Novice: 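If you scroll down you'll find the structure; I have some questions about it.
Only a predicted model underlies this, so the values are computations on that prediction, with no experimental measurement involved. Computed over heavy atoms, backbone and side chain alike; hydrogens, waters and symmetry mates excluded. Counting starts at 1 for both ligands and their atoms, following the listed order.
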Amino acid sequence: MKLTSLKSNVIIEPFRIRSVEPIRFTTIRERQKLLGNASWNPFLLKAADVLIDLLTDSGTGAMSSRQWSAMIESDESYAGSSSYYRFETAVRDITGFKHVIPTHQGRAAENILFSLLVRKGDVIPNNTHFDTTRAHVEHNGGLPRDLLIKEGLEPLTIHPFKGNMDTEQLEQTIRETGRDRIPVIMLTVTNNSGGGQPVSMANVREVSRIARKHGIPFFIDACRFAENSWFIRIREEGYQDKKPIDIARELFSYADGCTMSAKKDGMSNIGGFLALNDDALARECRSLSILTEGFPTYGGMAGYDMEAVAAGLYEALDEGYLRYRIRSTAYLGEKLVDAGISIIQPTGGHAVYIDARQMLPHIPPLQYPAWSLTNALYLTGGVRAVEIGSVMFGLQPDGTEKPAPMELVRLAIPRRVYTQSHIDYLAEVVIHTYGQRKKLGGYRIVSEPTVLRHFSARLEPITAGAV
Ligand SMILES: *Cc1c(COP(=O)(O)O)cnc(C)c1O
């Protein structure tokens, strides 16, 4: 008799665990005290007081034994280290770009690129600027323009590529602004600020065609290029049989360069790079990087960091890993949807985004419903998430306040860190909190800095006893 192989629907983690880090259980009374001492701002909590930490997927991943062993073999020479050459070879192999400039993280690559390209009054189109990208454009006097397709702003609309740029709006922006005032067109893959939604290859191709027609450089914000490549494979006609690495290579082939945070799909705890084809611009970028990052063959990274990234870029493109990564994020999303909770649909790559406006209609936007839900998740289950709503975006440059377009709570999943039982527990915490949603109250800000206030603002509950 012939035996058949088990076809399982269980997503088993495609790794086994050889090094463990204990996490701390606390009681709700302890957490009330801890959060109160942190001025009701989860950014001010100590990480050791958090059971499951979903603040960000940036730099929080677990490295593989292969990465650690490459790190031991690193070359820490100041100039021309073999670790740099391994890093350069990996980045070139995957992106195809000629010049590879290491940086200490993604925003340093943005700083170098935008300081050189952007002049006062220039317009920079992007699907959606990530917050550091927006800040660097503005810091150099530029005007960031988000040209996302309209489906990208509708949480419940199902569309396979909600990160796509509206190419008609791009053409219109070029017509109205004039080619000379657009020094670069960016595309963020996946679209982090828009829910981790992917961009299709067809859209990348079309943005590239428009950029080339007008002679405008086209750069990719590549932080989650591997996750985006996987979405192309499973959702776009013609890519089902392609390897993720070949999809990534095709994606980069349409661009003139990229900025990258290796803390995401570099599978590393720190690092990044700027890669590009233009010789003259690369020369200027290297000069500037010496000023802010270090010699061009280390640029703010240790030799061992470059080794970790060189290995990590390939691990991020591994099929087994990507299947598990994207499937486990979707699994969490499905559990929440089945319980009646509104999330951005379909789930993106690195996170699930809960629609707090929908869940907490009794809390007005300027009493911060998403902040309230974030705090409640910590109180009920020791989970740390992040508000992406009116605390993060509501403060205007003139000091007034305006509700953000959406009130979201992001549950960002660190790479290779949590298992399915952690995710099951997490879903229970969210659903349990949802069951008590009518008890949640609003918050007010007691003190705040003038920029990026969410990181350090102090808050308090408006109704005492409601927490
Ligand atoms: C994280 C991120 C950045 C910035 O990278 P850092 O390493 O945090 O400086 C830029 N763009 C996107 C889309 C990101 O997700």
Novice: Measure the distance from atom 7 (O) of ligand 1 to every protein heavy atom, then report the residue, atom name and distance (to 0.1 Å) of the closest one.
Specialist: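 Going atom by atom, the protein heavy atom closest to atom 7 (O) of ligand 1 ends up being Ser261 OG, 2.7 Å.
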Novice: Using salt bridge (Lys or Arg N to Asp or Glu O under 4.0 Å) as the criterion, list what pairs up with Glu168, not counting sequence neighbours.
Specialist: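 Expected list: none.
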Novice: Please list, in number order, the atoms of ligand 1 under 4.0 Å from a heavy atom of Arg224.
Specialist: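 Matching atoms, with element in brackets: 15 (O).
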Novice: For ligand 1, which atoms sit closer than 4.0 Å to a heavy atom of Lys264?
Specialist: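 Every atom of ligand 1 under 4.0 Å from some heavy atom of Lys264: 1 (C), 2 (C), 3 (C), 5 (O), 14 (C), 15 (O).
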Novice: Counting both backbone and side chain atoms, is some N or O of Thr190 under 3.5 Å from an N or O of ligand 1?
Specialist: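 So ligand 1 has no N or O lying under 3.5 Å from an N or O of Thr190.
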Novice: In the protein, which heavy atom is nearest to atom 11 (N) of ligand 1, and how far is it?
Specialist: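 Checking every protein heavy atom, the shortest distance to atom 11 (N) of ligand 1 gives Asp221 OD2, 2.8 Å.
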Novice: Of all the atoms in ligand 1, which lie at a distance below 4.0 Å from a heavy atom belonging to Arg107?
Specialist: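 Answer for ligand 1: 4 (C), 5 (O), 6 (P), 8 (O), 9 (O).
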Novice: Less than 3.5 Å apart, any donor N or O on the side chain of Asn111 or His139 sitting next to an acceptor on the other?
Specialist: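 Their side chains do not contain a donor-acceptor pair, so the 3.5 Å distance test is not met.
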Novice: Give yes or no for whether the N/O distance cutoff of 3.5 Å, strictly under, is met between Phe130 and ligand 1.
Specialist: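 Not met; the criterion fails.
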Novice: Backbone N or O of Val204 within a donor-acceptor pair of the Ser208 side chain at under 3.5 Å?
Specialist: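 Side chain of Ser208 to backbone of Val204: no pair is present.
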Novice: Is the Phe455 ring parallel, tilted or perpendicular to the Phe43 ring (thresholds 30°, 60°)?
Specialist: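 Perpendicular.
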Novice: Mark up the atoms of ligand 1 that fall under 4.0 Å of a heavy atom belonging to Thr188, in ascending order.
Specialist: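 Heavy-atom distances to Thr188 below 4.0 Å select 13 (C).
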Novice: Hey, can you tell me if Phe15 and Tyr324 have their rings parallel, tilted or perpendicular (30° and 60° cut-offs)?
Specialist: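 Ring orientation of Phe15 relative to Tyr324: perpendicular.
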Novice: Of the protein's non-hydrogen atoms, which lies at the shortest distance from atom 6 (P) of ligand 1, and what is that distance?
Specialist: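 So the nearest neighbour among protein heavy atoms is Gln105 NE2, 3.3 Å.
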Novice: Can you list the atoms of ligand 1 that are under 4.0 Å from a heavy atom of Thr132?
Specialist: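 What qualifies from ligand 1 is 3 (C), 4 (C), 10 (C).
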Novice: Between Tyr84 and Phe87, what is the ring plane arrangement, given parallel below 30°, perpendicular above 60°, and tilted in between?
Specialist: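 Ring orientation of Tyr84 relative to Phe87: tilted.
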Novice: Polar-atom distance check: Ser58 versus ligand 1, any N or O pair below 3.5 Å?
Specialist: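 Checking ligand 1 against Ser58, no N or O pair falls under 3.5 Å apart.
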Novice: Supply the atom-to-atom distance Arg327 CZ to Ile11 CD1, rounded to the nearest 0.5 angstrom.
Specialist: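 CD1 of Ile11 is found 5.0 Å from CZ of Arg327.
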Novice: For Lys335, enumerate each residue passing the salt bridge (Lys or Arg N to Asp or Glu O under 4.0 Å) test, keeping only those at least two apart in sequence or located in another chain.
Specialist: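 With neighbours one apart ignored, the set is Asp424.
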Novice: So, is the end of the Lys243 side chain (NZ or CZ) under 6.0 Å from the ring centre of Tyr314 and within 45° of the ring's axis?
Specialist: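 Because its charged atom misses either the 6.0 Å distance or the 45° angle limit, Lys243 does not stack over Tyr314.
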Novice: Can you find a non-hydrogen atom of Cys223 under 4.0 Å from ligand 1?
Specialist: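 In this structure, Cys223 qualifies as a contact of ligand 1 - some heavy atom is under 4.0 Å.
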Novice: Please work out, at 4.0 Å between heavy atoms, whether the side chain, the backbone, both, or neither of Lys263 comes within that distance of ligand 1.
Specialist: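 For Lys263, only side-chain atoms sit under 4.0 Å from ligand 1.
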Novice: Quick check on contacts: which atoms of ligand 1 are under 4.0 angstrom from a heavy atom of Glu110?
Specialist: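 In order of numbering, the contacting atoms are 10 (C), 11 (N).
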